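Here's the structure we're looking at; comments come further down.
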Amino acid sequence: MEPSSSPSVITEPSADEPLAHRRLVFGIVAIALLMASIDQTIVATALNAIRSDLNAELTWSGWTITVYALGQIIVMPLAGRLGDQFGRKKIFLGAAALFTVASLCCSLADNIYLLVIFRAFQAIGGGAFMPTATGIVAEQFGRDRDRAIGMFTSIFPIGGIIGPIIGGIIVTYWSWREIFVVNIPIGLLLIVLGLKFIPSSPPKAASRIDGTGAALLALTMLFGMYGISSLGSAGAEPTDPLFIVSMVMALALGFLFVRHANRHAAPFIPVSLLRGRGFGAMNTINFLFGAAMLGFGALVPLYAESRYGIQPLQAGTLLTARAVGMICVAGLAVFALRRTGYRAPMVGGFVLVAGGMTLMSLAPHGLTPYAWLAMAAGITGIGMGLSIPASNNASLQLAPDQISAIAGLRGMFRQSGGIVAVSITTTILNHASDAGASQAHSFVVFAAILLLMIPITFLVPDHRGTW
């Protein structure tokens, strides 16, 4: 049957039956998720090129990664509610348009500050894809929505595999600007296909969005990031007024955010999910996990280039080695969870990742630098594949009736940890006389953080079987 030439307005099917063109719609939203996933890793291969071409300090170059993560943290919960209020198709198409225009602006930026600003707008578009795509697919697949949404988990590792390769090829044979240019035709195609084939969904009544809470959280993180990054400037010291003012503002805004969350009827982040048995421990684990894993992953290509002189294309494939290791183990780990519980895979995964990071910090023994780093990256991927499914489900089983809120909170803590790790590490590297050696030391610190997380896992209720 040929697809309809124009979208129709749908309602919830009474029999919860899957709709006719669900696979086509899934393919369209999958393209959007893959594009957003690729942009999380593709820029990591271009940090040196961006820094050189724009004559930028490493700390500000690192903002091209951290601001993308920050934008997604704030936008993801907001986009879900906006999709309910105004229709998911409208928000999805608006996100695609914003992502496309922001990508064009990124490619034309002539200084690092403009690039960071345009990258933030790109993050807003990319962050809105996941919640709207989830809603669209749930409507299309009816009673099979769980399987369809579960397939989303395979899209992000694929982006992790091909993103660094594409970035390495583009930086090697063209320039870092083409990294953003390639998004433009894909974005335009998304808009055309979305307009033609994604049905409109009727708006639904939704609770009022806590814009004040979202703004306070965003400003808290922005001032904190800016304060840390200011230390990366030449000659900057912890006593500099800019650093002090930024950190004081971050602390003050953070206090206001917590007070607001305690008083608001429907806060941006529910206080009940921040404390209580298991939640505090899991939020701490997710924050430290994000610091160690996201911070580590974002800086691996830079490390390979600066310490060993490996070309961007090869450096980017190190993240591919990590993603392959993760994919190979994650599927088996998911099926084994009902027998193993959550604690054992988390502990085993943390130990493997820490071991891989430690190997990466050491000088190669009996192998070429690239082969040594690829082996270490693969080990960290195996550890991630073992620990991530367990850590995901450990928090979800604490309150199965609030899965969406917990998933958003988990992503927020992990992305926040990654932001802090990248900001601090790039600041240290900017002052280091030997950036490669200093980054090797940072990997040892990340490994120590993972090992220190092991006692915290015993504060999380273990679980076997179904829930």
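In this chain, residues are counted from 1 in sequence order. Since we're looking at a predicted model, the values are computed, not measured.
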Task: Heavy-atom pair with the smallest gap, counting every atom of Ile456 and Ala281 - done: CG2-O, 3.8 Å
Open item on the list: With heavy-atom distances below 4.5 Å as the criterion, would you say the side chains of Phe118 and Gln122 are in contact?
Closed with: no
Open item on the list: For Pro369 versus Pro364, what's the shortest heavy-atom pair and its separation?
Closed with: CA-CG, 3.7 Å
TODO: Only counting residues at least two apart or in another chain, list the ones meeting side-chain hydrogen bond (donor to acceptor under 3.5 Å, both in side chains) with Tyr303.
DONE: Arg307
Task: Residues forming a side chain to side chain contact (heavy atoms under 4.5 Å, CB included) with Ile169, sequence neighbours excluded - done: Ile165, Tyr173, Trp174, Leu313
TODO: Provide the closest heavy-atom pair for Val181 versus Ser107 in the form atom of the first, atom of the second, distance.
DONE: CG2-CB, 3.6 Å
- [ ] Kindly write out the residues that satisfy side chain to side chain contact (heavy atoms under 4.5 Å, CB included) with Leu93, not counting sequence neighbours, or none if the list is empty.
- [x] Lys89, Leu195
Task: Nearest-0.5 Å distance, CG of residue Leu219 to CZ of residue Phe257 - done: 11.5 Å
Task: Test applied, side-chain contact (heavy atoms from CB on, under 4.5 Å); reference residue, Phe350; option that passes from Leu288, Ile449, Leu450 - done: Leu450
Open item on the list: Would you compute the distance between atom CE of Met346 and atom CD1 of Ile454 and round it to the nearest 0.5 angstrom?
Closed with: 10.5 Å
- [ ] Can you measure from CZ (Phe287) to CE (Met453) and round to the nearest 0.5 angstrom?
- [x] 11.5 Å
TODO: Check whether any side-chain heavy atom of Leu190 lies under 4.5 Å from a side-chain heavy atom of Thr100, and answer yes or no.
DONE: no
Task: salt bridge (charged side-chain N to carboxylate O under 4.0 Å, His left out) pairs, two or more places apart, involving residues 118-131 - done: Asp39-Arg119
TODO: Only counting residues at least two apart or in another chain, list the ones meeting side-chain hydrogen bond (donor to acceptor under 3.5 Å, both in side chains) with Tyr308.
DONE: none
- [ ] Could you note down all residue pairs passing side chain to side chain donor-acceptor pair (under 3.5 Å) where residues 346-364 supplies at least one of them, sequence neighbours left out?
- [x] none
- [ ] Please indicate whether Phe121 has more than 12 foreign heavy atoms, meaning atoms of other residues, nucleotides or ligands, lying under 6.0 Å from its CZ.
- [x] no
Task: Distance-minimising heavy-atom pair for Ile28 and Leu193 - done: CD1-O, 3.7 Å
TODO: Could you tell me which residues satisfy side-chain hydrogen bond (donor to acceptor under 3.5 Å, both in side chains) with Glu178, sequence neighbours excluded, listed by chain and number?
DONE: Ser175
TODO: Please name all residues satisfying side chain to side chain contact (heavy atoms under 4.5 Å, CB included) with Ile382, sequence neighbours left out, ordered by chain then number.
DONE: Val329, Leu352
- [ ] Return the orientation label for the Phe180 and Trp176 ring planes: parallel under 30°, perpendicular over 60°, tilted otherwise.
- [x] perpendicular
Task: Counterpart residues, ring pair (Phe, Tyr, Trp, His ring centres under 6.0 Å), relative to Tyr68 (two or more places apart) - done: none
Open item on the list: Using 0.5 Å steps for rounding, measure from the NE2 atom of His365 to the CG atom of Leu367.
Closed with: 10.0 Å
Task: Interatomic distance, Glu305 atom CD to Gln439 atom CD [nearest 0.5 angstrom] - done: 10.0 Å
Task: side chain to side chain contact (heavy atoms under 4.5 Å, CB included) between Met360 and Val300, intermediate numbers included - done: CA-CA 9 Å; Met360 187 165 285; Val300 165; 4.1 Å; yes
Open item on the list: Within this structure, what is the CD1-CG distance for the pair Ile38 and Asn183, rounded to the nearest 0.5 Å?
Closed with: 8.0 Å
Task: Distance-minimising heavy-atom pair for Ala376 and Leu359 - done: CB-CB, 4.0 Å
TODO: For residues Ala36 and Gly126, report the shortest heavy-atom separation together with the two atoms involved.
DONE: CB-O, 4.1 Å
Task: With sequence neighbours excluded, residues passing side chain to side chain contact (heavy atoms under 4.5 Å, CB included) with Ile186 - done: Ile31, Met35
